[in-house]
Amino acid sequence: MKYKLNINKPEVEDKEIEEFKNFHRVLRQYREKRRSKSLHNVLLRLNKQLPILIISILMVLLIIYFSKILKKVEKIEQKNLPQQEQKYQRK
Amino acid sequence: MHQSEKEIQEEHDIIKKAIEHPEVFGFLYEKYYKQIFLFILRRIDDKATTADLASQVFLKAMLNLPKYKFQGLPFSAWLYRIATNQVNEFYRGSHFQRVVSVEDEQISNVFKEAAVPDKDKAELISKLLEELDEDEVQLLELRFFEDRPFKEVAFILDITENNAKVRTYRIIEKLKKIAKRNYEL
C-alpha cells in the first residue's frame, strides 16, 4: 500500500492543539536564523568581492614593481650617458 | 475559511508591518496555527511531528516574508503552500507511509463528481490512491477532501489554474475507470 487511509478519524481537540502553540520559540528561532543569515550574507558578499580585491592588489603591486625597475633603468642610463659623451669628447 | 476582500487587505497590511517588526507576526500565528496544524496532521497522523512541522512552517514564513507577493489570496494559501512543501520534504527523507485523511462525506462528493454509485467507497478510494501519483493525490486532497477553489489549489501546488482543472478531470476519469472495472468483476 502506497498510502495509509484514515476515514472519519476524530479531530483533535482545540485544547490539545493550544498546548503545542509557542510563538515565542518560533520568534527566538527566527532571530537566531536572521543573525546567522546576516553573517552568511556578509561572508557571501566578501566571497564575491574577494577575487576582485586580490586582482586589484596584484595589479597595484605589479605597477609599483615595474615603476621601481623603470626608475633603476633610468638611473643606470643617466650614469652611462655622460661617460660615453666624455669618451667621445676625448677622441 | 472564506475571507472578504477587506479582511484580505487588512491582513496584507499586517504582513507589511511584520516585515519590520517580527512580533506582529504573532497575530498571524494565532490566527492560522490551528488550520496549519490540522492541515499537516491529516497528512502525517502524528501530533508531535505535526507540531514540529507546523513550527517550521511559521518560521519559514517569517524568514521569507519579504519575498511574499500579494496575489489577492488569503495569507493562509501561502502558509498551506509552505506546509505542503514541508510535508513533502518530511516524506522524502523518511521511510514512513504517506497518510491520507478523509471524511465519508468528502468521498461521496468525489463519487458524485465522477457520477459513480456511492458504494464500496473505502475500497474504491484505496484503489484510486494506488493509481495516482503524489501530485495527483495532493490535488485530490486539496480540491475534494478540503473543498478549496481551483485558484487556491493552483497557488498551493505552484501550477496554473488551468493545469489544476485538467489534472482534476484526469483524476475523475481514473476514478470512473476504476469503478467500471470494479463493478464489471
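Quick caveat: nothing in here was measured; it's all calculated off a predicted structure. Chain letters run A, B, ... following the sequence lines, proteins first and then strands; every chain starts at 1.
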- [ ] Answer yes if Y29(B) and L59(B) sit in the same cluster of Ile, Leu, Val, Met, Phe, Trp and Tyr residues linked by side chain heavy atoms under 4.5 Å apart, and no otherwise.
- [x] yes
Task: Cluster check V24(B), F70(B): I/L/V/M/F/W/Y, side chain < 4.5 angstrom - done: yes
Open item on the list: Are the side chains of E16(A) and K47(B) in contact, using a 4.5 Å heavy-atom criterion?
Closed with: yes
Task: Y169(B) atom OH: more than 12 heavy-atom contacts under 6.0 Å - done: no
TODO: Let me know if F37(B) has heavy atoms under 4.5 Å from chain A in its side chain, its backbone, both or neither.
DONE: side chain
TODO: Specify which of I107(B), L38(B), D45(B) makes the most heavy-atom pairs with chain A at under 4.5 Å.
DONE: D45(B)
Open item on the list: Can you tell me which portion of L132(B) sits under 4.5 Å from chain A's heavy atoms? Options are side chain, backbone, both or neither.
Closed with: backbone
Open item on the list: Within a 6.0 Å radius of atom NZ on K112(B), are there more than 12 heavy atoms belonging to other residues, nucleotides or ligands?
Closed with: no
Task: Heavy-atom side-chain proximity of Y3(A) to V99(B) below 4.5 angstrom - done: no
TODO: Quick one: which of S55(B), A54(B), A48(B) has the most heavy-atom pairs under 4.5 Å with chain A, could you say?
DONE: S55(B)
Open item on the list: Tell me whether V166(B) shares a hydrophobic cluster with I156(B), the cluster being built from Ile, Leu, Val, Met, Phe, Trp, Tyr side chains joined at under 4.5 Å.
Closed with: no
TODO: May I ask you to list the residues in residues 18-28 of chain A that approach chain B closer than 4.5 angstrom, counting heavy atoms only, ordered by number?
DONE: F20(A), K21(A), N22(A), F23(A), R25(A), V26(A), L27(A)
Task: Validation row: L129(B), K2(A) side chains within 4.5 angstrom (heavy atoms) - done: no
Task: Spatial distance of atom CD1 (I17(A)) from atom CD (Q35(B)) [nearest 0.5 Å] - done: 10.5 Å
Open item on the list: Taking 4.5 Å as the heavy-atom cut-off, does anything in residues 6-15 of chain A contact chain B, and if so which residues?
Closed with: N6(A), I7(A), N8(A), K9(A), E11(A), V12(A), D14(A)
Open item on the list: If hydrophobic clusters are built by linking Ile, Leu, Val, Met, Phe, Trp and Tyr wherever their side-chain heavy atoms come under 4.5 Å apart, do I19(B) and I82(B) end up in the same one?
Closed with: yes
Open item on the list: Quick check on the hydrophobic clustering: are L63(B) and L44(A) connected, directly or via other members, by side-chain heavy-atom contacts under 4.5 Å?
Closed with: no
- [ ] Go through the atoms of E23(B) and report whether side chain, backbone, both or neither lie under 4.5 Å from a heavy atom of chain A.
- [x] both
